[in-house]
Protein chains: 2
Amino acid sequence: MQQLPNHPRGENALAQLVARVPLFAQLSESELSEVARRVTHRSHPRNIQLYGAGEHNASLMIIHSGLVKIYRITAAGHEQVIRILGPGDFLGESTFVDRTAADHFAVTLEPADICALHHDDLQSYLLSFPGVAMKMFETLTRRLAETEHQLSSVAGDDADHRVAAYLLQVAPAAGTGMFRLPISKKDIASLLGLTPETFSRKLAYFEGSGWILLHPGRDLEIRDRTALSHL
Amino acid sequence: MQQLPNHPRGENALAQLVARVPLFAQLSESELSEVARRVTHRSHPRNIQLYGAGEHNASLMIIHSGLVKIYRITAAGHEQVIRILGPGDFLGESTFVDRTAADHFAVTLEPADICALHHDDLQSYLLSFPGVAMKMFETLTRRLAETEHQLSSVAGDDADHRVAAYLLQVAPAAGTGMFRLPISKKDIASLLGLTPETFSRKLAYFEGSGWILLHPGRDLEIRDRTALSHL
DNA sequence: CGGGTCCTTGACGGCTCTCAAGCAGTGTGG
DNA sequence: CCACACTGCTTGAGAGCCGTCAAGGACCCG
């Protein structure tokens, strides 16, 4: 729950930061500076909780850099990762819509630069800048489609399919290069609705089959894309 | 894929229908009639596919009455129910945002009155009526939160918890009355990420434990709310 | 009456979780 | 510089939950 002091910045620098956010991409210069005036910007270290279940978070946050993990605590009492947010993504919109307490946690996975906008300000921006509302609408629609995909995957596919689909999704499009998993294997397992043990076993099985190569740490290599895709 | 002819209606009657849709609730009289002029209205029988995966659906549909089932076909080839939509809900927004083909199916579960708005018209309405964009934003946010809840439930909880949570969710708030399940047990099972067999067994187990009473058809009665809630 | 769908119940097998131990990498403090 | 703790990851053994396959019954609508 630790919080760092604001980084004081010139209004101009802040406006340039805000302009790079997809959400505000199409605002005019004067509109941008109006938004920038009401925004606070912070740098957070790793493992900082931005808000937690039960809290009445009152700001929309926009990620400039770093990764943020969204998760819940299930009835059984263990952590269930819902989504990983990165640069350009926003969070805190759920408590804006229904003014109840959040039902999930948001934690930084890496050092992160995040700017925050109070819900009251958001309200007025949405009504005066239809393009912003439109952009949030689009983002949420895509996010919803993605979550529905995740849902049908967890509900219907077995562990092999889920792991293979995830690897193909995060691997660079190019052929058989080495790349780094964006988050810890433990978090990936949770995201896929698996235990870390099962995830580890599936990776070992894929390597044994010659489909991937595991390197120390989070690095791995895909050797046989087609085998993974129509498992 | 059958489609019934439009029900011709006076513009006035149509405007009144449109006014009852939450999405357009706060529009002025003149704005309402402007929307109504571009809307087509249809009555569909049961089991009609509104659109399917692979189709480029080009209209936002708003449900006046009836139920619509949204589902996918998983890699394994069986149907996975994602969501049930009812009066006031809209569908077809995903193909509006990214102009690709739909990845899911939409089918009526009951006779349904549905009005449709072409995506091009929606675009202009969203920009001229910020309240409408705002409303869609709110609805999507809630829908997303609900889907995330479903996701963590399917990923983390066992069958007993999921079935109990569903029953408590659809049962009337009042004490121990009989009520009717809104959809078939087969569809509920799929929605919960279970097979119909497992769902049936869980219901039988709940009845054997004295927590619920099963009546013929879709009727049932909850006898012990607390037992179900902290299983 | 017949065909269909939906639902229930039984037996069985397998996938995945749980529990447990061991290893590697990292940061910390003596 | 090393000992140590801690977290993340891997591997093994076992058990249990749930899916699959199968058969039969209830109900609806032709």
Side-chain angles (χ1 to χ4, degrees), chain A residues 45-47 69 71 74-81 107 109-111 152-164 166 180-208 212-220 231, chain B residues 45-47 69 71 74-81 107 109-111 152-164 166 180-208 212-220 231:
Chain A
R46 220 168 69 99
N47 287 331
K69 172 170 76 173
Y71 68 95
T74 67
H78 61 260
E79 161 182 331
Q80 171 64 47
V81 178
V107 177
L109 286 180
E110 309 171 347
S152 68
S153 161
V154 170
D157 299 341
D158 61 13
D160 300 79
H161 282 87
R162 279 181 265 170
V163 172
Y166 178 81
R180 179 157 302 186
L181 295 174
I183 55 176
S184 72
K185 294 179 180 174
K186 177 172 70 78
D187 284 336
I188 296 176
S190 175
L191 196 60
L192 299 180
L194 300 173
T195 58
E197 292 94 331
T198 299
F199 183 59
S200 176
R201 276 186 258 265
K202 291 307 175 187
L203 288 182
Y205 166 62
F206 285 3
E207 187 175 40
I212 66 173
L213 265 182
L214 291 171
H215 295 279
R218 294 181 186 170
D219 291 329
L220 66 81
L231 230 174
Chain B
R46 220 167 71 99
N47 286 331
K69 172 170 76 172
Y71 69 96
T74 67
H78 61 260
E79 161 181 331
Q80 170 65 48
V81 178
V107 177
L109 286 181
E110 309 170 347
S152 69
S153 162
V154 169
D157 299 342
D158 60 14
D160 300 79
H161 283 88
R162 280 182 264 170
V163 172
Y166 178 80
R180 179 157 303 187
L181 296 173
I183 55 177
S184 72
K185 293 179 181 174
K186 176 173 71 80
D187 284 337
I188 296 175
S190 175
L191 196 60
L192 299 179
L194 301 172
T195 58
E197 293 94 330
T198 300
F199 183 60
S200 176
R201 276 186 257 266
K202 290 307 175 187
L203 287 182
Y205 166 61
F206 285 2
E207 186 174 38
I212 67 173
L213 265 183
L214 291 171
H215 296 278
R218 293 182 185 170
D219 291 328
L220 66 80
L231 231 173

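Lettering of chains follows the sequences in order, A, B, ..., and the numbering in each one begins at 1.
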* Asked: What is the nucleic acid contact for Gly156(B), judged by heavy atoms within less than 4.0 Å: base, sugar-phosphate only, or nothing?
  -> nothing
* Asked: Among Val154(A), Ile188(A), Val163(A), which one satisfies side chain to side chain contact (heavy atoms under 4.5 Å, CB included) with Leu194(A)?
  -> Val163(A)
* **Chi angles and distances behind the side chain to side chain contact (heavy atoms under 4.5 Å, CB included) call for Leu213(B), Glu207(B)** => CA-CA 6 Å; Leu213(B) 265 183; Glu207(B) 186 174 38; 3.9 Å; yes
* **Whichever of Lys202(A) and Ala204(B) has its nearest DNA chain C nucleotide further upstream toward 5'** => Ala204(B)
* Lys185(A) NZ to dC23(C) C1': how many Å, rounded? -> 14 Å
* To do: Check the distance between dG8(D)'s C1' and Leu109(A)'s CG and give it to me in whole angstrom.
  => 14 Å
* Arg218(B), CZ: over 12 other non-hydrogen atoms inside 6.0 angstrom -> yes
* Keeping the roles fixed (side chain from Asp187(B), backbone from Ser190(B)), state whether a donor-acceptor pair exists under 3.5 Å. => no
* Structure fact -> Between Ile183(B) and Asp157(A), the residue closer to the 5' end of DNA chain C by nearest nucleotide is Ile183(B)
* Using whole Å, report how far CG of Leu231(A) lies from P of dC15(C). => 13 Å
* Spacing of Arg46(B) atom CZ relative to dC28(D) atom C1', expressed in whole Å -> 10 Å
* Which whole-number value in Å describes the distance from Glu79(B) CD to dC6(C) C1'? -> 13 Å
* To do: Write down the distance between CG (Asn47(A)) and P (dC6(D)), rounded to a whole number of angstrom.
  => 16 Å
* **First encountered from the 5' end of DNA chain D, between Ala155(A) and Gly217(A)** => Gly217(A)
* Arg201(A) or Glu197(B): which one's nearest nucleotide on DNA chain D is closer to the 5' end? -> Arg201(A)
* Over how many whole Å does the gap from Asp158(A) atom CG to dG13(C) atom P extend? -> 20 Å
* Checking all strands, does Leu194(B) fall into the base, sugar-phosphate, or nothing category for heavy-atom contacts under 4.0 angstrom? -> sugar-phosphate
* Asked: Does dC17(C) have OP1 or OP2 sitting under 4.0 Å from an N or O in the side chain of Thr195(A)?
  -> yes
* Asked: Which nucleotide sits closest to the side chain of Lys186(A): dT8(C), dC9(D), dC6(C)?
  -> dC9(D)
* Structure fact -> Distance col, row Arg162(B):CZ vs Thr198(B):OG1, nearest 0.5 angstrom, shows 9.0 Å
* Please give, in whole Å, the distance from dT10(D) P to Ile188(A) CD1? -> 10 Å
* **side-chain N/O Thr198(B) vs dG19(D) OP1/OP2, d < 4.0 Å** => yes
